[in-house]
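Heads up: the structure comes next, in structure tokens.
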Amino acid sequence: MGRFVMALDQGTTSSRALLFDERGTLVALDQLEFPQSFPRPGWVEHDPEAIWQSQLRAARGALERAGVAAADLAALGITNQRETTVVWDRTTGEPIHPAIVWQSRQTSAICDRLRAEGLEEEVRARTGLRIDAYFSGTKVRFILDAVEGAQARAERGELCFGTIDTWLLFRLTQGRVFATEPSNASRTLLFDVHRGDWDDFLLDALGVPRAMLPEVRDSSGIFGEADAGWLGASVPIAGIAGDQQAALFGQGCVREGLAKNTYGTGCFLLMNTGSEAPRSQAGLVTTVAWRRGGRLEYALEGSIFVAGSAVQWLRDGLGVVTHAQETEALARSVPDTDGVYLVPAFVGLGAPYWDEAARGTIVGLTRGTTRAHLVRATLESIAFQTRDVMDAMRVDSGIVPEQLRVDGGACENDFLMQFQADVLGIPVERPAMLEATALGAAALAGLGVGLWRDRSELDARLGAPTVFAPRMSADDRERRYRTWQRAVERSRAWAVDDETTGASA
Ligand code: ADP
């Protein structure tokens, strides 16, 4: 068996391929961007063919850069932008419509209809999700309506629906394997997360024929062989997970109570809740983390819309810094924010508030406020928003998280990570290997073919993390957090008319 594993990391704007060796060391990376299409305001589409071609070229590129042959690969893993929806012809493999991207709002009318039919509670109980254009189910409905004759063809079993994992798997195996796994299936609005199977009630509500759905398998284990024609030798595809769940696995959050946060444009927080699928009362979604050895594990998920992009706003909107990295020294140049709190609700607030009418707010300004205070308040807001979601996770699951593992571009800011530990009162761990998403897919695949016996064998080979231990007193922490909550209140329900709605970020 080969000693390398390749992760195919199919993202929203680019396709990447990352090659790891058996120590979990990143050996090579290749990345190709592909075009975005915005056919109308709020609509986002991709060409599935461009996704496939860019992914294939990235895979070949990574092998080339490393000087590694496909025969040296033990396995391929796939991780992908979630919820993005493709429908294609089962025989020819040709898509019948552009892929509808997770961000696209083009199915909001279908969501309104489902809500009007009173399905909100049924959907939540079965899928753990809210009715939102974000998830795949309404996108399938949209495509079946948009393409003449598609409904009848789908019912005859002539069409396939898949999220991006399934689309790549189908292409890699030349149409021999039509399958997915529960971390992706749980984002479709069509999957009962408790039973771990497609849900007839929801399929019926959306008019999606079962005949077009992929088989649901374990996230780790052999799905099939990538055709020898693609990379030069056939390679088992042995691990699949949606990007956020792959990051959870890559961060080693394989026990109940372990959580990770990815600090990118926004933040994505997931906490492993073990074999329990808690129903969220606090504005989170319940999702499948993965299925291994036939056992489903669950996670609570919360997303923050504006995190790193608030730092971009400091740079591009206000011009108070020229590089994101400068924010660290500026924040440290003052002992605190001097009472300034900034709520970056530029596009409303996500979890746990779900307030579309909230808008960005700065409170506590005085004549003594400087740009350093503003910069510091902006970084602190990222940590406070994370605390909001972590608190919601504790309420929903009854689990007290022991620590938070971090990745994403903004986690390189040591000030932010220390403040995060302070405001949570638990340690923050930044792993040596920051490519958590790709590592997660590689780990699922390597475990799927037995390159590692178990997760701990791989963990033992990964470098030691940087740990940020909380230093703030409990009094200070709670006082500041309460003030943050007051600031959030000031930001809420602001955009009620044309004047206050403002431009979106
Ligand atoms: P995405 O994958 O969402 O594009 P990345 O994981 O690449 O995001 O992270 C980039 C984001 O992190 C940007 O919004 C940027 O402003 C922010 N960022 C990058 N470096 C720092 C830093 N040192 N301090 C604060 N924010 C940073």
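Read the numbers this way: they start at 1 and go in the same order the structure lists the ligands and their atoms. Computed from a predicted model, the values in this text were never measured in an experiment.
Checked by distance only, ligand 1 and G266 stay at 3.5 Å or farther apart across all their nitrogen or oxygen atoms. Among the atoms of V311, none of the N or O lies under 3.5 angstrom from an N or O of ligand 1. Any N or O atom pair closer than 3.5 Å counts here, and E412 shares no such pair with ligand 1.
Atom 2 (O) of ligand 1 is never approached by the protein to below 4.0 angstrom, counting heavy atoms only.
Shown in contact with T327 at under 4.0 Å from a heavy atom are these atoms of ligand 1, numbered in order with element: 24 (N), 25 (C). Contact atoms of ligand 1 toward G408: 6 (O) (distance under 4.0 Å to a heavy atom of the residue).
Geometrically, R486 does not engage Y341 in a cation-pi contact defined by less than 6.0 Å to the ring centre and at most 45° from the axis. Remark: R455 is positioned above the aromatic ring of F249, its terminal NZ or CZ atom under 6.0 angstrom from the ring centre and at most 45 degrees off the axis.
With no hydrogens or angles considered, no side-chain donor-acceptor pair links Y481 and D476 at under 3.5 Å.
The closest protein non-hydrogen atom to atom 4 (O) of ligand 1 is T265 OG1, 3.5 Å. What sits closest to atom 13 (C) of ligand 1 on the protein, heavy atoms only, is Q312 NE2, 3.3 Å. Scanning the protein for heavy atoms near atom 10 (C) of ligand 1, the closest one is G409 CA, 4.2 Å. The single protein non-hydrogen atom nearest to atom 15 (C) of ligand 1 is G308 O, 3.9 Å, given as residue, atom name and distance. With respect to atom 25 (C) of ligand 1, the closest heavy atom belonging to the protein is N413 ND2, 3.6 Å.
The nearest non-hydrogen atom to atom 27 (C) of ligand 1, considering only G11, A410, S309, comes from A410. Comparing C267, C411, G264 against atom 11 (C) of ligand 1, the shortest heavy-atom distance belongs to G264. If you check each of S14, A310, A324 against atom 22 (C) of ligand 1, the one with the closest non-hydrogen atom is A324.
Heavy atoms of Q325 come nearer than 4.0 angstrom to ligand 1 in at least one pair.
Ion pairing between R332 and E328 holds under the 4.0 Å rule for side-chain N and carboxylate O. One finds no salt bridge joining D30 and R16 here, because no Lys/Arg side-chain nitrogen approaches an Asp/Glu carboxylate oxygen to under 4.0 Å. For K139 and E45, the salt-bridge test fails: no basic side-chain N is under 4.0 Å from an acidic carboxylate O.
Shown here are the salt bridge (charged side-chain N to carboxylate O under 4.0 Å, His left out) partners of R57, two or more places apart in sequence or in another chain: there are none.
Screening residues 301-333 for ring-ring contact (aromatic ring centres under 6.0 Å, His included), with sequence neighbours left out, gives F305-W354, W313-F346.
Checked against the 6.0 Å centroid criterion, the rings of F170 and W88 qualify as a close aromatic pair.
Proximity of R376 to F415: side-chain heavy atoms (C-beta onward) are separated by under 4.5 Å at one or more points.
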